Amino acid sequence: MGMMSVDTLADCLRDFQSRFNANERVKKLVRGWDRSILLEATDSDAIFTVTLQGLLITNVKAGNETDPDDDNLVHLQASEENLIRIFSGDYQPATALIDGELAVFSSEPDKVKLEAISIVIWGM
């Protein structure tokens, strides 16, 4: 399995955004699930905010655009390389969690939802 030609986390997230937004099955999964997802690389200063609204990823933005008091905030931490692997379908989030390579700060149902999204998009 070769890595896709994704150079940066930004490119990878934009690719993920287009896959996500084009996937009809994912839309059933995220109905009523509007979230801000904060991605934080633990080994670099890469931080991105991904906005999920009305069945679509509406925004991928560098920096932290989230409100820490937001109950709908999902916060992911991993090395930049592992964030790229996770969002390019190379590393299953559940496996990354078990391996201790990914930290997810969110409610339990949100963790389950993230896992389901990755399964639908990557067919894992």
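Predicted, not measured: the structure shown is a model, and the values here were computed from it. Along the sequence shown, residues are numbered consecutively beginning with 1.
Residues Leu9 and Ala46 approach most closely at CD2-CB, 4.3 Å, considering heavy atoms. Closest heavy-atom contact between Cys12 and Ser88: SG-N, 3.8 Å. Contact detail for Leu55 and Lys27: the closest heavy-atom pair is CD2-O, 3.4 Å.
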message: Set out, in order, the CA-CA distance, both residues' side-chain angles and the distance that settles side chain to side chain contact (heavy atoms under 4.5 Å, CB included) for Ser107 and Asp110, then state yes or no.
response: CA-CA 5 Å; Ser107 68; Asp110 284 0; 3.3 Å; yes
field: Chi angles and distances behind the side chain to side chain contact (heavy atoms under 4.5 Å, CB included) call for Glu115, Gln92
entry: CA-CA 8 Å; Glu115 185 59 22; Gln92 202 173 345; 2.9 Å; yes
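No side-chain donor-acceptor contact under 3.5 Å links Gln77 to the backbone of Glu40. At distances below 3.5 Å, at least one donor-acceptor pair connects side-chain atoms of Asn23 with backbone N or O atoms of Arg25.
To the nearest 0.5 Å, atom CG of residue Leu76 and atom CG of residue Leu39 are 5.0 Å apart. With rounding to the nearest 0.5 Å, the separation of OG in Ser79 from CD1 in Ile86 is 8.0 Å. With values rounded to the nearest 0.5 angstrom, Phe20 atom CZ is found 8.0 Å from Leu29 atom CG. How far NZ of Lys61 is from CZ of Phe48: 12.0 Å, rounded to the nearest 0.5 Å. Put simply, OG on Ser118 and CZ on Phe16 are 8.0 Å apart, with the number rounded to the nearest 0.5 Å. Once rounded to the nearest 0.5 Å, the distance linking CD1 of Ile57 with CG of Leu52 reads 5.5 Å.
Residues Phe87 and Trp33 fall within the same hydrophobic cluster, defined by Ile, Leu, Val, Met, Phe, Trp and Tyr side chains chained together at heavy-atom separations under 4.5 Å. Val104 and Leu73 are members of different hydrophobic clusters when ILVMFWY side chains are connected at heavy-atom separations under 4.5 Å.
Taking the six-membered ring where the residue is Trp, His75 and Phe105 present tilted rings, their angle falling between 30° and 60°.
For the residue pair Asp34 / Gln53, no side-chain donor-acceptor distance below 3.5 Å is found, with atom types taken as modelled. Side-chain atoms of Glu80 and Ser44 form a donor-acceptor pair, as typed in the model, at a separation below 3.5 Å. Asp11 and Thr8 share a donor-acceptor pair across their side chains, judged by distance under 3.5 Å alone. Side-chain atoms of Asp90 and Trp122 include no donor-acceptor pair closer than 3.5 Å.
The only option from Val50, Asn72, Asp70 that meets the side chain to side chain contact (heavy atoms under 4.5 Å, CB included) definition with Ser36 turns out to be Asp70.
For Thr49, the side chain to side chain contact (heavy atoms under 4.5 Å, CB included) test picks out Leu38, Thr51, Asn64, Glu65, Thr66, with sequence neighbours left out.
Counting heavy atoms of neighbouring residues, nucleotides and ligands inside a 6.0 Å radius, atom CG of Asp71 does not exceed 12 of them.
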